[in-house]
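In what follows, a single structure is set out as structure tokens and then discussed.
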Amino acid sequence: MSETVVVIDFETTGLSPEQGARATEVAAVVVSNGAIVDRYQSLMNAGVRIPPFIEALTGISNRMVREAPTAGTVMAELADFIGETPLVAHNAAFDRKFLQAELQRIGRPQRATMLCSMRMARRIYPDAPNHQLATLVRHARVAETGAYHRALADAEMTAGLWLKMRQKLEETFKLPSVPLALLDKIQSAPCNGLRGCVEAYRRSCARK
DNA sequence: TGCCAGGCCCTCTTTAGGGCCTT
């Protein structure tokens, strides 16, 4: 039994909302008891032009977005979908700033916590060639569910990676479960502090 | 094609610099 999380992924027109970048697509998948149990995905029309480089990167064209629901409509649906469930994203700092910026535009502050699968992977797979999502998916033998740089496929593969990392922690340290509180401590500790985090967690459990 | 930002992380470090990662 593991706590439910929502894995989220944004495709955007650039790297920073403060520089005018907007979301073009979002996906969120609910992960519960070791599997994806629900999905949300939508392109969104924020009324901005997608640069050619981003069109080539994601395959999301200006024409596709023109025919999509407005960003406000999609973000309201997304906010209802995720509620206050803890979130996970690959390089969460990136998705967090777009989630906050887009929700702020519709007056829906985001309260859920967000864990980072990339920070977690740096601690659990320190020997991976690098910690890009695509590399980690291959390294951890996660099923590839679609094209990279599309929101639903990236969210699903991040969810798969998340489940593999939890499984590896359980097997390596003989843990009956891996609570989010422990994962939060692991991702906040130094990269070489994984074992120390787990041992501290064991001691805290033994005292209870 | 890859710059734009910014937080994380390592090291030839901590009074800093540069690579990684996301689009």
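A note on names: the letters A, B, ... follow the listed sequences, proteins ahead of strands, and every chain is numbered from 1. Being a predicted model, the structure only gives us computed values, none of them experimental. Side-chain atoms are counted along with the backbone in the values below, which use heavy atoms only and exclude waters and symmetry mates.
Taking the ring centroids of His139(A) and Tyr125(A), they lie under the 6.0 Å cut-off.
Atom CE in Met157(A) sits about 11 Å away from atom P in dT22(B), given to the nearest Å. Rounded to an integer number of Å, the gap from Glu55(A) CD to dT1(B) P is 13 Å. For the pair Asp95(A) CG and dT23(B) P, the computed distance is 7 Å after rounding to whole Å. Rounded to whole Å, atom P of dG19(B) lies 15 Å from atom CD of Gln132(A). For the pair Glu102(A) CD and dT23(B) C1', the computed distance is 13 Å after rounding to whole Å. Taking atom CD of Glu25(A) as the reference point, atom C1' of dT23(B) lies 12 Å away to the nearest angstrom.
Only the P atoms considered, dG19(B) is 12 Å distant from dC4(B), to the nearest whole Å. Rounded to the nearest Å, the gap between the P atom of dC20(B) and that of dT15(B) is 25 Å. Separating the C1' atom of dT23(B) from that of dG17(B) is a span of 25 Å, rounded to the nearest Å. With both ends at atom P, the span from dG7(B) to dC12(B) equals 25 Å, rounded to whole Å. Taking atom C1' in both dG2(B) and dC21(B), the straight-line distance is 15 Å, to the nearest Å. Of the C1' atoms belonging to dT1(B) and dT13(B), the separation is 34 Å, rounded to the nearest Å.
With Asp154(A) as the fixed residue, the side chain to side chain contact (heavy atoms under 4.5 Å, CB included) test singles out one of His90(A), Glu25(A), Glu11(A): Glu11(A). Evaluated for a side chain to side chain contact (heavy atoms under 4.5 Å, CB included) with Glu55(A), the options Asn62(A), Thr24(A), Thr13(A) yield exactly one hit, Asn62(A).
Counting heavy atoms from C-beta on, the side chains of Pro179(A) and Glu3(A) come closer than 4.5 Å. Residues Ile8(A) and Val88(A) fail the side-chain proximity criterion, which asks for heavy atoms closer than 4.5 Å.
Nucleic acid contact class of Phe98(A) (heavy atoms, under 4.0 Å, all strands): none. Nucleic acid contact class of Thr24(A) (heavy atoms, under 4.0 Å, all strands): none. Backbone-only contact: Asn130(A) has heavy atoms under 4.0 Å from sugar-phosphate atoms and none from a base.
Residues that satisfy the ring-ring contact (aromatic ring centres under 6.0 Å, His included) test with Phe94(A), not counting sequence neighbours, are Phe98(A).
Here the closest heavy-atom approach between residue Val7(A) and residue Val31(A) is recorded as CG2-CG2, 4.0 Å.
In this structure, His90(A) reaches the dT22(B) phosphate: one of its side-chain N or O atoms is under 4.0 Å from OP1 or OP2. For the OP1/OP2 pair of dT23(B) and a distance below 4.0 Å, the side-chain nitrogens and oxygens of His149(A) include at least one atom meeting the criterion.
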If the sugar-phosphate is the primed atoms plus P, OP1 and OP2 and the base is the rest, what is the B/S/- string for nucleotides 3-11 of chain B, using protein heavy atoms under 4.0 Å?
BBBB-SSS-

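Nucleotides of DNA chain B nearest to Pro51(A) and His131(A) differ in position, and the one nearer the 5' end is that of Pro51(A).
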Trace of the side chain to side chain donor-acceptor pair (under 3.5 Å) decision for Asn45(A) with Thr70(A)
CA-CA 5 Å; Asn45(A) 184 354; Thr70(A) 64; over 6 Å; no

